[in-house]
2 protein chains.
Amino acid sequence: MPRKRVTIGDVAARAGVSKSAVSFVFNDRPGVSAAAKERILAAAADLGWQPSARARALSRSRTQAVGLVIRREPELLSTDPFFPQFMAGVEIGLTARDYSLVLHVVPDEKTERAAYERFARESRVDGVFLTDVRVGDSRPREIAALGLDLVVIAPEGADAGGDVVISMDDGAGVRRAVHHLHSLGHHRIAHVMGAPGYVHTEARRRAWQETLAELGLPIGPVVTADFTGAGGARATHELLDLPQPPSAILYGNDLMAIAGISAATDRGIRVPEDLSVVGFDDVPLAPYVVPPLTTVRQNVVSWGTAAAQTLVALVERKQAPTVQLPPVEFVVRGSTGPTRNRRPA
Amino acid sequence: MPRKRVTIGDVAARAGVSKSAVSFVFNDRPGVSAAAKERILAAAADLGWQPSARARALSRSRTQAVGLVIRREPELLSTDPFFPQFMAGVEIGLTARDYSLVLHVVPDEKTERAAYERFARESRVDGVFLTDVRVGDSRPREIAALGLDLVVIAPEGADAGGDVVISMDDGAGVRRAVHHLHSLGHHRIAHVMGAPGYVHTEARRRAWQETLAELGLPIGPVVTADFTGAGGARATHELLDLPQPPSAILYGNDLMAIAGISAATDRGIRVPEDLSVVGFDDVPLAPYVVPPLTTVRQNVVSWGTAAAQTLVALVERKQAPTVQLPPVEFVVRGSTGPTRNRRPA
DNA sequence: ATGAAAGCGCTAACAC
DNA sequence: GTGTTAGCGCTTTCAT
């Protein structure tokens, strides 16, 4: 059980120097002799002392912490493979620089706004990440107005309005998926969109459409859903009810795709014999559904790390390191196969 | 864009009072006239002022923040429905008292230990949650030695060594599952355990075993796995390779159960006709696999809220509110059915 | 190279 | 009731 809190004064006394000398050593600043430095470090180690983040935050006017606000409906919260991985990546970038992550999980827009306000007003964090960007999103401006540094995570090509962006190439994955289906002979390729309004939803739809056009395929039917299982099932029934149902469906995420397989199976439609299905995310369950899901995998952890490094650099007004983000992967499993209905391409 | 940071002094000046008056008002302490209070609140609102968490933390020697360390192997990270829901629940309990959550995601034990040390040494948080408790876990003692307040989240009956515990009744869910299978006529009911060493893994196994004994059923075969899909599949093959394979398998979580269905299907064994499968967690995908998964659902969000309220009370040395935790639910779907092999009970 | 001292913005004794 | 003032533990300028 620790006695009274040991402070910089104790360390200074033990090392026979002034408090500023100790401070200098712990901030990698010149002006302390090698001998003194040695004694100081020894004293600190003996006493088990480490600068108090509280006191430091006050005197430096920086908390050495950044914030992340997660807005998610309960249903989607534990579904989304994004946040856990993103946070794990963020952590890697943050601990390397001794930063902490302050998290808020909020249910709606009002609470979300309040969370950013609190971050700024209470000076709890120096900067924040912004994810789940929507089309015409006003939050970047609002956050900047609060005086917080900001790094936006958005798909490539999204309108960022001058903000610092870590972009992920959603389009590349979709293009590979469409090419894969095309090479299997499909030419009626539908798309089930995620929740409308998100730049991700849009980016994926656009890539689907453009790739079909490039390949000279007809722009297949598209249904708007909401990233949930129920929504994916509903959309699938809608597509299969069409007079001319698609032979392949590309879904905005894995959850909808898996629900889609289930919906098709219920109708007696076999996957992949009668219908090919492609997801997006590669959730851990994807290899274990029946049939195993063909899907797009992105390296979310690496975005997290890149975003964290960039935000820290921004906060410290330093040059952000240029990070090389690994490319998307396309994972072919059992849910896609050749068409039977039509001649191969 | 905000000008210079507004401080308590500005508010005091504008309201024509002293700083302490302002401080008193913002800490709900008596000793300020109604009139003064009104002027102070008005002034604060005009200036958009709010006490700085930084300064407050220093002078109160409390940060008004609590910490959560998540240790997870990459593979399991986005698989586990627990943490997102738990965090959402924690948030509810925390924001109500204006506390923040500081999060660390770590890959291994060494880093985990370092995270708690940093929490304490840097005085970043006032208390922490401890999850994923292992049998004979030394962390409660270590954390207490660091001077951090602690709330442990563990299944009922786990040895807590005097710590404050929010307990969830894993056993109740398992008992209902076994009774359900028994009522369907199964009497060879196997169990696939999660990763060894965790109190959850143990609690679930024990409940399975005790319930079988109560029902006069033979203690079926049990295989230790690791909560992963691959592990679940492997365990399933092992059980089905037995000279006398079980007619039902109870898995330690949904991911293993779903992988188990997949493994069985691959061998031409139909679920639920030839084999009944029960999971644990009720992940969002559970209703959408084929066949839909029968499983145990716990209200993780409510534990999070209870844990947060308890930790805040602990930190503030107040009486913890007694929280009523909702009971487990058992969700019957399509992956369980009557035995064909043997006579019904 | 080293030390003294003035903040950082708030809380809480204490005196008025 | 209300104002004054001394911390909280560190950083950082400025003499020495």
Side-chain angles (χ1 to χ4, degrees), chain A residues 2-41 43-44 47-65 98 120-124 126 147 316, chain B residues 2-41 43-44 47-65 98 120-124 126 147 316:
Chain A
R3 332 204 125 277
K4 231 184 178 77
R5 181 163 230 319
V6 9
T7 74
I8 194 172
D10 302 327
V11 177
R14 186 177 240 265
V17 298
S18 74
K19 297 196 295 177
S20 27
V22 178
S23 174
F24 276 35
V25 168
F26 274 79
N27 288 289
D28 287 323
R29 295 168 53 137
V32 181
S33 66
K37 182 168 179 176
E38 190 134 332
R39 270 180 296 134
I40 290 170
L41 289 174
L47 268 40
W49 178 85
Q50 206 164 320
S52 151
R54 290 202 282 248
R56 219 176 214 187
L58 184 57
S59 68
R60 295 209 290 215
S61 302
R62 283 206 280 103
T63 53
Q64 208 147 319
D98 266 350
R121 289 278 188 76
E122 294 189 345
S123 306
R124 269 220 188 261
D126 303 323
E316 300 187 342
Chain B
R3 333 202 124 275
K4 231 186 180 82
R5 180 163 232 315
V6 8
T7 75
I8 196 173
D10 301 328
V11 176
R14 186 177 239 265
V17 297
S18 74
K19 295 195 297 175
S20 32
V22 179
S23 175
F24 275 36
V25 167
F26 274 79
N27 288 291
D28 287 323
R29 294 165 55 131
V32 182
S33 66
K37 182 170 180 175
E38 189 134 333
R39 270 180 297 137
I40 289 169
L41 288 174
L47 267 41
W49 178 85
Q50 205 163 320
S52 152
R54 289 201 285 248
R56 220 177 212 188
L58 184 57
S59 66
R60 294 209 290 213
S61 300
R62 283 207 280 105
T63 54
Q64 207 146 320
D98 267 352
R121 290 278 187 75
E122 294 188 345
S123 306
R124 267 215 189 266
D126 303 322
E316 301 187 343

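To find a chain, count down the sequence lines: A is the first, B the second, and so on, and within it residues start at 1.
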Problem set entry | Audit row: B:Arg54, A:Arg60, side-chain contact (heavy atoms from CB on, under 4.5 Å) steps and yes/no | CA-CA 10 Å; B:Arg54 289 201 285 248; A:Arg60 295 209 290 215; over 6 Å; no
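Note on A:Arg60: every side-chain N or O is 4.0 Å or more away from OP1 and OP2 of D:dC10. Between B:Arg56 and C:dT11, a side-chain N or O to OP1/OP2 separation shorter than 4.0 Å is present. Between C:dA12 and B:Asn27, no contact under 4.0 Å exists linking OP1 or OP2 to a side-chain N or O. Here A:Ser52 does not reach the OP1 or OP2 of D:dG9: none of its side-chain N or O atoms lies under 4.0 Å away. A close approach under 4.0 Å does not occur between any side-chain nitrogen or oxygen of A:Thr7 and OP1 or OP2 of D:dC8.
Among the nucleotides D:dG9, C:dA12, C:dA4, the one closest to the side chain of B:Arg29 is C:dA12. The listed nucleotides are D:dT12, C:dG3, D:dC10; the one nearest the side chain of A:Val17 is C:dG3. Closest to the side chain of B:Ser20, from the set D:dT4, D:dC10, D:dT12, is D:dT4. The side chain of A:Ala55 lies closest to D:dC10, out of C:dC8, D:dC10, C:dG3. Listed nucleotides C:dG3, C:dT11, D:dT11 differ in distance to A:Ser59; the shortest reach to its side chain belongs to D:dT11.
For B:Ala36 and A:Ser23, each mapped to the nucleotide of DNA chain D holding its nearest heavy atom, the one lying further toward the 5' end belongs to B:Ala36.
Here the closest heavy-atom approach between residue B:Asn27 and residue B:Ser23 is recorded as ND2-O, 2.7 Å.
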